[in-house]
Enquirer: 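Sharing a structure below in structure tokens format, with a few things to ask.
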Amino acid sequence: MTTTTTRAPVLRGPVDGPFLPAGDLAEAVTDFHRAGAAERRWDVETAVDWTAADANRLTDGQRSAVRFITLIEDHLPGYFAVYTRRFPLTDEVSEQDFAHHRELYHFTVRWAVEEDSHARALFRYQTDSGIARPDDLRRELAAEGRKPFELPHDESVALFAYALVQEKATQIYYQQLRSVVGDPVLAELLNRLSRDEARHFAFMADILERYLRVYGDAVVEPIRDVIASFRMPLADTMRGYWRWALRIADAARYDHTDAYEHLIRIVNRAVDAPSDRVDELTRFVAACRTAAPLPLTTPAAVPPAAASA
């Protein structure tokens, strides 16, 4: 029998550097905004035909998966708070660091808008398809949403590395779930969500490449630490997380370590002449990948959390 112990995270203060030069970060943020130009954006109210949403076309596992990812996506205020707490825009930081954090804020506010749209859309799907009643769902979301969220890393590059893996893992899961669900409305919604997550991943990949090019070996250890301790968001705070994840594991194939191969590609692309430490990092990340389907008692085989961080 699987048990879950929930515990409140320790909320941390500003992250440590090194930080990218503000100009480098600004270039990555501009590229992100270009990739999400107005003509590519979608609106929750008009993007899909909500009147056609029908949860009767879903299996019990698929319904459970929708409820699960709604809880994860709806924790957006907690994820956004990590950015504002760890990259503060106050007089506590130097002018140089403030300039970096201000450029990052141009990303986080757009990212937050998109992730909040995911939460709203999944809420709308649940209520319009017949999975949940609005008031009941609000209470369920509030019970989890009131819990604080934090990442156990103190280096800025580690937060970006974590977000890179999490965004890619979420994108992969949404694609896998989309391919098997029986309701075309949900399939269309998952397609839109996965495309957003792909853009979020691309931004984090750009940031991590820039870190490796600028700082090289100095950022290898924080990246390694992320993989060594990786857990999807809310795994430690959501009551019954692993038990619920195991219940819906048959809804769509998922293994968050599938995202690791993308991290390896980024490292190899960023480093022209890998050092021994970089080589060790790629070997370590590759070794952490799941080599074969795992038994359902293995946490690595469970579905992901979406958000953002």
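In this chain, residues are counted from 1 in sequence order. This one's a predicted model, so the numbers in the text were calculated from it and none came from an experiment.
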Enquirer: Would you say Phe98 and Asp91 make side-chain contact, with heavy atoms under 4.5 Å?
Expert: no

Enquirer: For the OH atom on Tyr215, are there more than 12 heavy atoms of other groups (residues, nucleotides or ligands in this structure) within a distance under 6.0 Å?
Expert: yes

Enquirer: Any non-hydrogen side-chain atom of Val44 less than 4.5 Å from a side-chain atom of Ser117?
Expert: yes

Enquirer: Okay, side chain of Arg40, backbone of Arg34: is any donor-acceptor separation there less than 3.5 Å?
Expert: yes

Enquirer: Under 3.5 Å, side chain of His75 to main-chain N/O of Glu144, donor-acceptor pair present?
Expert: yes

Enquirer: Show your working on ring pair (Phe, Tyr, Trp, His ring centres under 6.0 Å) between His106 and Phe32 and close with a plain yes or no.
Expert: CA-CA 10 Å; His106 293 310; Phe32 169 75; over 10 Å; no

Enquirer: Using 30° and 60° as the class boundaries, would you call the ring planes of Phe87 and Tyr83 parallel, tilted or perpendicular?
Expert: parallel

Enquirer: Step by step, would you call Thr51 with Asp128 a side chain to side chain contact (heavy atoms under 4.5 Å, CB included)?
Expert: CA-CA 7 Å; Thr51 63; Asp128 284 30; over 6 Å; no

Enquirer: Using side-chain heavy atoms (C-beta onward) and a distance below 4.5 Å, is Leu193 in contact with Leu122?
Expert: yes

Enquirer: Are there more than 12 heavy atoms of other residues, nucleotides or ligands under 6.0 Å from atom CZ of Arg195?
Expert: no

Enquirer: To the nearest 0.5 Å, how far apart are CZ in Arg277 and CD1 in Ile223?
Expert: 10.5 Å

Enquirer: Is there a donor-acceptor contact under 3.5 Å from the side chain of Asp183 to the main chain of Asp54?
Expert: yes

Enquirer: Is there a side-chain contact between Phe149 and Pro9 in this structure, where contact means two heavy atoms from C-beta onward sitting under 4.5 Å apart?
Expert: no

Enquirer: Under a 3.5 Å distance rule, please check whether Gln62 uses its side chain to pair with a backbone N or O of Val180 as donor and acceptor.
Expert: yes

Enquirer: Please evaluate residues Tyr105 and His101 with respect to the criterion ring pair (Phe, Tyr, Trp, His ring centres under 6.0 Å), reporting the C-alpha separation (whole Å), side-chain torsions for both, the decisive distance (0.1 Å), and the verdict.
Expert: CA-CA 6 Å; Tyr105 191 80; His101 299 353; over 10 Å; no

Enquirer: Look at the side chain of Ser64 and the backbone N and O of Asp60, then say whether any donor-acceptor pair between them is shorter than 3.5 Å.
Expert: no

Enquirer: Is it true that atom CD of Glu95 has more than 12 heavy atoms of other residues, nucleotides or ligands lying nearer than 6.0 Å?
Expert: no

Enquirer: For Tyr125 and Trp50, take the angle between the two ring planes, folded into 0 to 90°, and tell me which bin it lands in: parallel under 30, tilted 30 to 60, perpendicular over 60.
Expert: tilted

Enquirer: Return the CZ to CG distance between Phe201 and Leu164, rounded to the nearest 0.5 Å.
Expert: 5.0 Å

Enquirer: So, Ser156 side chain and Pro18 main chain: donor-acceptor pair closer than 3.5 Å or not?
Expert: yes

Enquirer: So Met204 and Gln166, do their side chains get closer than 4.5 Å, heavy atoms only?
Expert: no

Enquirer: Please name the pair of heavy atoms, one in Ser194 and one in Tyr174, separated by the smallest distance, quoted to 0.1 Å.
Expert: CB-CB, 3.8 Å

Enquirer: Taking the side chain as everything from C-beta on, heavy atoms only, tell me whether Val165 gets closer than 4.5 Å to Phe230.
Expert: yes

Enquirer: Counting only heavy atoms from other residues, nucleotides and ligands, does the tally under 6.0 Å from CD of Gln96 exceed 12?
Expert: no

Enquirer: Does Arg133 form a side chain to side chain contact (heavy atoms under 4.5 Å, CB included) with Asp136? I'd like the steps, not just the answer.
Expert: CA-CA 5 Å; Arg133 294 183 299 181; Asp136 292 341; 2.9 Å; yes

Enquirer: Could you check if a side-chain atom of Asp154 sits within less than 4.5 angstrom of a side-chain atom of Arg86, using non-hydrogen atoms only?
Expert: yes

Enquirer: Just checking Asn56: does its CG atom have more than 12 heavy atoms from other residues, nucleotides or ligands closer to it than 6.0 angstrom?
Expert: yes

Enquirer: Answer yes or no: does atom CZ of Arg213 have more than 12 heavy-atom neighbours from other residues, nucleotides or ligands under 6.0 Å?
Expert: yes

